[in-house]
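Inspection log for the structure reproduced underneath, given as structure tokens.
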Amino acid sequence: DGGITQSPKYLFRKEGQNVTLSCEQNLNHDAMYWYRQDPGQGLRLIYYSQIVNDFQKGDIAEGYSVSREKKESFPLTVTSAQKNPTAFYLCASSIQRGTGNSPLHFGNGTRLTVT
Amino acid sequence: EDQVTQSPEALRLQEGESSSLNCSYTVSGLRGLFWYRQDPGKGPEFLFTLYSAGEEKEKERLKATLTKKESFLHITAPKPEDSATYLCAVGEGGGNKLTFGTGTQLKVEL
């Protein structure tokens with residue numbers, strides 16, 4: 001079955017360390033996204049990519065970095081510059097490059113805990 | 001700035017007790033309104049897209065409707081397996097992102 005795979009499901013890191021979250025999709029979707037979910041808040045966009053080798057900052061990009069070297073893969077690095085990195089991270093994709101009128105398909109998330 | 005407000009924050013229903021969830025939005029040029037279901041520890045699962053006022057979509061016990069200012073997710077005769085958090089999101093004209101509400105946490109009890 002086609003879908004989005006995020007790994008690992010749980011991740012624990014010490015403060016000051018960079019960490020990379022994996023996201024792979026086999027839906028042949030052009031666009032991919034990273035969202036962050038915190039209790040009591042709506043999903044917030046970190047970065048998105050509409051095509052290979054191109055990506056754009058979302059609303060809360062500070063302290064994060066991404067790459068899009070392959071259509072299927074969109075890894076997210078949480079750097080030590082991110083002040084509050086503990087959160088639930090969701091990767092998504094959409095068939096069209098603009099999300100205004102096409103739905104997102106989500107992976108099952110990575111819960112990152114930084115102590 | 002686009003805004004999406006969902007109410008109530010939490011809702012507890014008895015099995016078979018129908019109700020509605022609300023999603024109010026302000027956006028310049030709605031391109032689409034999306035409903036998702038999210039189970040604990042999982043990613044959101046897409047349910048419906050609505051594009052214009054007056055549009056309705058149905059799936060099993062769920063029915064989504066849209067006006068110019070809000071959308072409703074009607075749940076008819078809910079079952080315990082309908083328990084989840086329901087998220088609403090809007091896409092605005094020309095944009096490349098969705099604005100999400102904070103969700104309604106639904107609990108259906110026997």
Side-chain angles (χ1 to χ4, degrees), chain A residues 2-10 21 23 25 27 29-51 54-61 87-112, chain B residues 1-10 21 23-53 55 57 59 64 66 71 84-105:
Chain A
I4 299 177
T5 301
Q6 291 188 242
S7 61
K9 187 173 177 64
Y10 299 97
L21 283 59
C23 178
Q25 58 103 355
L27 298 167
H29 287 175
D30 283 324
M32 297 187 74
Y33 310 82
W34 276 104
Y35 283 85
R36 170 181 172 141
Q37 188 171 37
D38 296 283
Q41 296 193 45
L43 275 68
R44 292 181 291 166
L45 181 65
I46 304 172
Y47 267 98
Y48 64 98
S49 168
Q50 296 182 297
I51 197 169
D54 185 54
F55 48 82
Q56 306 295 327
K57 292 182 179 180
D59 298 322
I60 56 165
F88 189 50
Y89 289 89
L90 288 160
C91 179
S93 69
S94 68
I95 194 166
Q96 294 181 359
R97 295 178 184 178
T99 58
N101 57 3
S102 62
L104 298 176
H105 299 268
F106 286 89
N108 276 325
T110 291
R111 186 165 299 280
L112 173 65
Chain B
E1 184 178 318
D2 299 347
Q3 287 195 332
V4 179
T5 303
Q6 291 188 246
S7 61
E9 290 185 13
L21 314 182
C23 173
S24 298
Y25 64 91
T26 54
V27 64
S28 53
L30 179 72
R31 294 190 67 181
L33 185 141
F34 306 85
W35 281 99
Y36 291 86
R37 169 193 170 124
Q38 186 174 24
D39 292 301
K42 299 286 184 68
E45 174 189 348
F46 170 69
L47 293 173
F48 303 111
T49 308
L50 301 167
Y51 293 108
S52 57
E55 190 175 359
K57 294 273 181 74
K59 180 180 180 180
L66 181 66
S71 177
T85 296
Y86 291 85
L87 302 175
C88 169
V90 297
E92 54 93 13
N96 290 304
K97 65 170 187 173
L98 299 183
T99 301
F100 281 83
T102 54
T104 293
Q105 189 171 5

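Residue numbering restarts at 1 for every chain, and letters A, B, ... go by the order of the sequence lines. Quick caveat, the model's predicted, so the values are computed rather than measured.
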Minimum heavy-atom separation for A:Leu90 to B:Gly43, with atom names?
-> CD2-CA, 3.6 Å
Nearest-0.5 Å distance that lies between atom CG in B:Leu87 and atom CD in A:Gln37 | 6.5 Å
Exceeds 12 heavy-atom contacts within 6.0 angstrom, atom CD of B:Glu9 = no
CG-OG1 distance between A:Leu43 and B:Thr102, expressed to the nearest 0.5 angstrom = 11.0 Å
Please indicate whether B:Glu55 has more than 12 foreign heavy atoms, meaning atoms of other residues, nucleotides or ligands, lying under 6.0 Å from its CD.
-> yes
From the list A:Ala92, A:Gly58, A:Gly42, A:Gly109, the residue making the most non-hydrogen contacts under 4.5 Å with chain B is A:Gly42
Over 12 non-hydrogen atoms of neighbours within 6.0 angstrom of NZ in B:Lys57 | yes
For B:Phe100 and A:Leu104, the nearest pair of non-hydrogen atoms, with its separation, is CZ-CD1, 4.4 Å
So how far is it from B:Leu98 CG to A:Tyr35 OH, rounded to the nearest 0.5 Å?
-> 4.5 Å
Checking heavy atoms, do the side chain of B:Tyr36, its backbone, both or neither come under 4.5 Å from chain A?
-> side chain
